[in-house]
Amino acid sequence: MSENTNRSENSKTKRKYPFKIEHPTEEHRPETMINAMKDILNADIYKLPLSIYLDTCARCNTCSTTCHVYQTTGKVEDLPAYRSEKVRRIYKKYFSRSGRLFGRLAGAKELSEDDINSLLESAYRCTMCRRCNLECPMGVDNALITRIARVMLSYLNLMPSNFEISVNSQLEGETRNTSAIPRIAFLDTLEFLNEEIEEIVGCDMGFPIDKEGSEILFIAPVSDYMMEAETLMGNAVALNAAGADWTVGTEFYDAINYGLFYSDEKLEQILQCVHAEAKRLKVKKIVVGECGHATKTLKLFTEILCKDSPVEKIESVLEFTAHAIMDGKIKLDPSRVSETVTYHDPCNLGRMGGVLDEPRTILKACTDNFIEMSPTREENYCCGGGGGTVTMDDIYDFRMNVAGKMKADQMRSVGAHYVAAPCANCKKQIRELIDFHKIDSTVVGVHDLVLKALVLDDASQKKSDSDES
Amino acid sequence: MQGLDWLIGAVLPYVAAAVCLLGVAARALQWQFMPKHVRWTFYPAPQNLMDQARFMAAEIFTFRAILKQNKILWIGAWMFHISMGILVLWLVFMMAGAHVAALCWIGAILMGCTVLYLILYRLLQPAAKAVSTPVEYFNLGLFLSIVLASASMYFFQQPSIEEIRQYLLQLLTFQIPVLPQAPLFLLVLFLVEALMIYFPFSRMIHMVSKYFAFHRINWGH
């Protein structure tokens, strides 16, 4: 990453950063970082994991064998345990008895300006895919330690420029979404998608808009409305074909939550916005579009950060569709997708969300030519753009040549026509990898194929027509 | 008994045992009663007790993950832990009056060799060296010092196993203990006591933390 060094425009000291940062704090950096760690250690949500992860790593380096970044570079700086040690040293020095008593002998080290710079670079060379946790004998999750490092760095406003711009737009901007799509443009897009759907399936199976009292709120990453029309149409058609009572909201319509990658405060605020929209529309359930991190954020953090939400259930649209197929509510004709299809497990949906069988159920119903990547399921490699790094254009070389190298090799080796990746971030990264590495594949969403393979019987067509009238 | 003999031979054994047991219990209770954390399940998590037990047994008895990923480390790490098991077994048999010399020999030799192997591994393998802190070497050094002190005692002072057994039984039954004749026994005893006092506060607590890392975090859903 160092070759992509930027200089902060606002910095008096012209400090160098490994990527573009909007408003870095230049003063009292070590003190602020130490206070940040104090806040984090006091937060209930991390107490148990951190007290174990920071104290019990045996330095066996088993994580190095599963980390795609280290496997590509072979540099000690990319060892997950080495990266985590940078956080442990701060913890040992300022928050542990052994560190206070025995200093460096116990692994403690006074936090210097250089340490902060080094931690910043390390924290964004990790894609937080949690593959290192796959074979850790102690159950230590280095991805959570990376997240903690990023949260600490955010106290110094040290986060990628795109995170800050997108989150500000979502929380403080007029449009209330990361892509700054105005409501009127969003409504136009929905209208366009509804017309397209009618043209494709021959009946009205589009997006219900602001239907108060529906059972389900469907919310997707807003970027899908610009980039992934086929996926969204597949989502709408699946929900309608299954007979769901659902709606999209037009006051807050972006499931993206970059807070997951760097800030607990922002994560919670964005989460509250989604739940406020759910409350406004009086829904009982949220179905999240094809997006790994948004699904994980809503599924994992709701129970602890939005305890008062009336929402009873949150699931990925993949879970919804798979269950509808298994219940016989959706019929798919596998002969309609004759090309070979493989599946990329987004880390936030697979290893971290448990959505492993459902996409396979859907894909096997969509085609007879489904082939698994190797390794697959919970062992599948990160696309290389995880942890929000896909939004950082200034580390493009790193994403293509280092973080995404294993994924590119995997895709080339499986040689499938379609790579189904149900995540907005993975799709962007994989699309770029396919171009960069000249791989003969096309990236699609899982529901793109549902749209192709859907069979509507007369009953559902008639029902749809009668609903329309 | 007076002075150091009294301190190391009659007082510290109880202090060490208390610190070790209470320290481990305190840490386990501290983890047990920590506030609800963010759901951080690692999927697919074993669904029932049988699957969890199977996973944990493979992990504890065969070091499954290290065996799969790094056989060079596995040989040292696994056999080192096996050597501890053998020595504990020898101690139990010896206390019960059945001193099986072979167990003691195999355990001690295995422990000495594997500790040296692990120290060399950390010093010579670049990635292992990069992540090793002084604590790793201290922990291994502590075990090595116990093995070396015991070996010195055995070769230079020919201790009586029956004397050691009687001493330990006196401790267990809260009688005034009589130290074995071999002077180096006091050093071995002190090092073991140091290990027991250090154990709950050290990384060796992974024996307990592993339960929480897997059952409460990785499989907590």
Side-chain angles (χ1 to χ4, degrees), chain A residues 43-53 55-66 70 74 76-77 79-82 84-85 88-89 92 97-98 102 104-107 130 133-141 144 299-301 303-305 350-357 377-378, chain B residues 27 30-45 59-60 63-70 73-74 77 118 121-122 125-139 198 201-221:
Chain A
D44 283 354
I45 60 171
Y46 300 126
K47 271 188 180 153
L48 179 67
L50 282 189
S51 71
I52 289 173
Y53 297 167
D55 271 338
T56 63
C57 168
R59 274 78 167 170
C60 67
N61 260 342
T62 311
C63 47
S64 70
T65 59
T66 48
Y70 176 74
V76 290
E77 294 78 12
L79 288 164
Y82 186 89
S84 297
E85 197 59 24
R88 284 199 188 92
R89 280 186 209 130
K92 289 279 174 196
R97 263 189 305 264
S98 62
F102 302 109
R104 279 194 182 230
L105 288 175
R130 210 179 166 187
N133 196 199
L134 187 64
E135 300 284 11
C136 177
M138 302 302 152
V140 170
D141 176 21
L144 186 67
K299 281 179 84 168
L300 267 58
F301 287 85
E303 65 180 4
I304 209 151
L305 296 178
R351 273 188 289 282
M352 293 186 264
V355 183
L356 292 158
D357 294 326
R377 295 176 63 89
E378 72 275 16
Chain B
R27 291 206 76 175
Q30 183 200 2
W31 284 321
Q32 177 67 32
F33 293 108
M34 269 192 177
K36 189 178 177 185
H37 60 276
V38 62
R39 186 147 57 97
W40 211 244
T41 309
F42 190 92
Y43 293 94
E59 194 50 58
I60 291 169
F63 285 26
R64 181 200 59 85
I66 305 181
L67 175 63
K68 186 174 162 194
Q69 300 294 342
N70 184 348
L73 173 63
W74 177 82
L118 290 172
Y121 176 80
R122 288 199 179 274
Q125 208 277 333
K129 189 178 178 186
V131 298
S132 297
T133 62
V135 176
E136 272 70 49
Y137 298 106
F138 176 80
N139 291 355
Y198 173 59
F201 312 103
S202 74
R203 214 160 281 161
M204 291 174 247
I205 196 74
H206 65 236
M207 190 179 86
V208 181
S209 72
K210 205 165 173 144
Y211 169 82
F212 293 95
F214 283 93
H215 286 258
R216 292 283 293 278
I217 305 173
N218 274 4
W219 304 339
H221 57 119

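Convention: sequence-line order gives letters A, B, ...; per-chain numbering from 1.
Within the 4.5 angstrom heavy-atom criterion, only side-chain atoms of A:Leu79, from C-beta onward, approach chain B. For A:Ser51, the parts lying under 4.5 angstrom from a heavy atom of chain B are both the backbone and the side chain. For chain B, the nearby part of A:Ile304 is the side chain; its heavy atoms alone come within less than 4.5 Å. In this structure, chain B has a heavy atom under 4.5 Å from the side chain of A:Thr66, while its backbone stays farther away. If you measure heavy-atom distances from B:Lys68 to chain A, the contacts under 4.5 Å come from the side chain alone. With a 4.5 angstrom heavy-atom cutoff, A:Leu356 touches chain B only via side-chain atoms. Interface remark: B:Gln69 contributes backbone and side-chain atoms alike to the contact with chain A (heavy atom separation under 4.5 Å). Contact of A:Phe102 with chain B is not made at all, since no heavy-atom distance falls under 4.5 Å.
Remark: A:Thr65 OG1 to B:Asn70 CG distance equals 7.5 Å, nearest 0.5 Å. The SG atom of A:Cys136 sits 6.5 Å away from the CZ atom of B:Phe214 when rounded to the nearest 0.5 Å. Separating the CZ atom in B:Phe138 from the CG atom in A:Leu105 is a distance of 9.5 Å, to the nearest 0.5 Å. Note that CD of A:Glu135 and CG of B:Leu67 are 10.5 Å apart. Values are rounded to the nearest 0.5 Å. Here the OG1-CH2 distance, from A:Thr62 to B:Trp74, works out to 13.5 Å after rounding to the nearest 0.5 Å.
No donor-acceptor pair closer than 3.5 Å links the side chain of A:Arg59 to the backbone N or O of B:Arg122. Within the 3.5 Å criterion, the main-chain N or O of B:Pro134 finds no donor-acceptor partner in the side chain of A:Arg104. One N or O on the side chain of B:Lys210 and one on the backbone of A:Pro137 form a donor-acceptor pair closer than 3.5 Å. Judged by distance alone, with hydrogens and angles left aside, the side-chain atoms of A:Asn61 form a donor-acceptor pair with the main-chain N or O of B:Ala127 at under 3.5 Å.
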Exercise. Go through the steps for B:Trp40 and A:Asp141 under the test side-chain contact (heavy atoms from CB on, under 4.5 Å), then give the verdict.
Key: CA-CA 9 Å; B:Trp40 211 244; A:Asp141 176 21; 2.5 Å; yes
Self-check item: side-chain contact (heavy atoms from CB on, under 4.5 Å) assessment of B:Tyr43 paired with A:Val355
Solution: CA-CA 8 Å; B:Tyr43 293 94; A:Val355 183; over 6 Å; no
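For A:Thr56, the side-chain hydrogen bond (donor to acceptor under 3.5 Å, both in side chains) criterion is met by no residue, not counting sequence neighbours.
Heavy-atom neighbours of B:Tyr137 OH from other residues, nucleotides or ligands within 6.0 Å: above the threshold of 12.
Put simply, of A:Cys60, A:Ser64, A:Ser84, A:Gly107, the one with the most heavy-atom pairs under 4.5 Å next to chain B is A:Cys60. Listed options A:Ala58, A:Gly74, A:Gly139, A:Gly350 were ranked by heavy-atom pairs under 4.5 angstrom with chain B; first place goes to A:Gly139. Contact count against chain A (heavy-atom pairs under 4.5 Å) is highest for B:Val131 among B:Thr133, B:Leu118, B:Val131, B:Leu73. When each of A:Asp357, A:Ile52, A:Asp55, A:Leu50 is checked for heavy-atom pairs under 4.5 Å with chain B, A:Ile52 comes out on top. Your options are A:Lys299, A:Met138, A:Met352, and the one with the most heavy-atom pairs under 4.5 Å with chain B is A:Met138. Put simply, of A:Pro49, A:Ala43, A:Ser98, A:Ala81, the one with the most heavy-atom pairs under 4.5 Å next to chain B is A:Pro49.
Contact between B:Val135 and A:Ala106 at its shortest, heavy atoms only, is CG2-CA, 3.7 Å. Residue B:Thr41 comes nearest to A:Arg130 through the heavy atom pair O-NH1, 3.0 Å, listed as atom of the first residue, atom of the second, then distance.
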